[in-house]
Structures are given as C-alpha cells and as structure tokens.
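As the structure lists them, so they are numbered: ligands from 1, and atoms in each ligand from 1.
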Amino acid sequence: MMKLSELTPPIVIAHRGFKMKYPENTMASFEAAIGAGVKMIELDVTLSRDRRIIVIHDDTLDRTTNGTGRASDYSLSELKALDAGSWFDPSFKDERLPALEEVIDAFGNQVTLNIEIKESAHEPSGPPDAIEKQVIDLVLEKKLLDSVLFSSFDQRILARIRELSSQAHLSFLTEIPPYEGILGILRKISAFSWNPDYRTLLYSHIQKIHYAGFRVIPFTINDKTIVKKFLEAGIHGFFTDDPILQS
Ligand code: G3P
Ligand code: CA
C-alpha cells in the first residue's frame, strides 16, 4: 500500500490515467499511467441508475462510449455493455466503463488514488446512499483511507466527506480565478490541497495559500516549460495527461 504521506513533491498525477495515449478513465489508461511510473492516478466518479459508483468524466455517454444520453439513466450492467475505447482508437474496443471498486481492487494497493466526485452527482437531500457516502464507505472497507485523495468542485460534497471522516484527505478544485473565499473553504474542510486550473493560477496565490499551510496542485499541465515555472513557484504537484512529461 502506498500512502499519501509517503509521497514526496512533485506529485505527478495522471489525469484520467494516461489520457494522452489511452482512452481516459479506463483500466488500460490507469495501467499505462502506473507503468509510466506515476504514484497517483486521477479518476472521475458518478452514480448509475442503480446507484453504483462508475468511473466516467462526462455526465453523458456520447463522447467516450458508443452509448448516448446521461450515464445516470443506465444501470451498471447496461453501462458495462458499452464500448469505452473505440472512440479513442479501434484497438481499445474491449475497454469498458470501470466501476470504482474494480479500479480500487486492481490498483489501490499499487498507487495512490485521486477520486473526483462530480458535482452533478450531488444530492442536496443527502440520502443514505449518496455518492460521497458510498465512496468513503468503499474506501474505508478496502482500508485505503491513507491512500486516497477525495476531490470535488463542489464544496458541499467535501464538507459532507469531512463530516463522515475526520481523517479523509480532501482537495478543493476550482476553475474560475481564485477569490478571497478560497482560504476559508480550505480551512473549513481541513484540506490537503487546493487544486486550481493552472490557467487561473498566479504566483501570488501560491505564496498566499502556502503561507496559510496548504498545498497547491494545479490541473492540467501538459507543457514542460509551464510545469518547470510552477514548480519553481512552489507547487506541490500537478495533474497531467502525459505522465512521462518530465522524463
Ligand atoms: O482534478 C483535476 C481535474 O481532473 C479537474 O478537471 O474537468 O478534468 O475533471 P476535470
Ligand atoms: Ca477530474
């Protein structure tokens, strides 16, 4: 088992696996990223119609599978029948949408995982099987709490996970330019890091957030020169579609 506390910066996070060369969020993509040497893989989760946790980035199936419509309108077994690889290249026609548990079982003891809970899956009514509850229960059941970074653009999801576990590692994602409220949110949820879109990130913000005691891990950088500049400015790690970017 690899723990977050054992990772030394810079943490290179494989965004949806080895997204540049493999169909995103598939077992092939995660396996390739791990083969490339990363210590953390990132993936996106939402709920199927039968409330199983599935790994897919978009709310809809159209871009990354041969299905159509919303993923949440289909059961896990219906989703499993879809081809999640041919859209990228016909050689990946056997790739399927993974259930989160499959990814955890296959890779959870080899690398750390960054599980992004999509904001569209959030249910304000907070049912007992809400996605954030299911995800934390699964990670606890697999005894991988120290190996998982939970992230979301939705601070309500992160606040709920914090209620459910005082030990969970949380990252707040932002894609709009930073604002004054960020620090308050990071403090409220006792965040592991702030993960902003690098295109909105200023050096002054890195300094400010560091000074307050939080890590900064921007997404998604595929340019070596930009990585170098931000590393010099003090980021703790970065997301990339190309996990061999630095070699
Ligand atoms: O967690 C970083 C990044 O994955 C967030 O953006 O749209 O790729 O899920 P997105
Ligand atoms: Ca993501």
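- Per-residue contacts place L173 under 4.0 angstrom from the following atoms of ligand 1 (heavy atoms of the residue considered): 1 (O), 2 (C).
- Remark: K93 does not engage E95 in a salt bridge, criterion side-chain N to carboxylate O under 4.0 Å.
- In terms of heavy-atom proximity, T65 sits nearest to W87 at N-CD1, 4.2 Å.
- As for D44, its N/O/S atom nearest the Ca ion (ligand 2) is the one called OD1.
- Aromatic ring centres of Y22 and F92: separated by under 6.0 Å.
- Each of the atoms 5 (C), 6 (O) of ligand 1 lies under 4.0 Å from some heavy atom of F153.
- Closest heavy-atom contact between S29 and E24: OG-CA, 4.1 Å.
- The closest protein non-hydrogen atom to atom 4 (O) of ligand 1 is E42 OE2, 2.8 Å.
- Of all N, O or S atoms in E42, the one lying closest to the Ca ion (ligand 2) is OE2.
- Close contacts between ligand 1 and F239 involve ligand atoms 1 (O), 2 (C) [criterion: under 4.0 Å to a heavy atom].
- Ligand 1 is approached by D44 to a heavy-atom distance shorter than 4.0 Å.
- The shortest non-hydrogen separation linking F88 to M20 is CZ-O, 3.6 Å.
- For the pair E78 and R49, the salt-bridge criterion is met [side-chain N within less than 4.0 Å of a carboxylate O].
- Those atoms of ligand 1 that come under 4.0 Å of a heavy atom in H15, given as number and element, are 3 (C), 4 (O), 8 (O), 10 (P).
- For E116, the N, O or S atom closest to the Ca ion (ligand 2) goes by the atom name OE1.
- Here the heavy atom of the protein found nearest to atom 9 (O) of ligand 1 is E116 OE1, 2.9 Å.
- Those atoms of ligand 1 with a heavy atom of K118 less than 4.0 angstrom away are 9 (O).
- With no hydrogens or angles considered, no side-chain donor-acceptor pair links T200 and D197 at under 3.5 Å.
- A donor-acceptor pair shorter than 3.5 Å can be found between the side chains of H15 and D241.
- The closest approach between any non-hydrogen atom of R16 and ligand 1 is below 4.0 Å.
- For the residue pair S171/S193, the side-chain donor-acceptor check at 3.5 Å is satisfied.
- In terms of protein heavy-atom proximity, atom 10 (P) of ligand 1 is nearest to H57 NE2, 3.3 Å.
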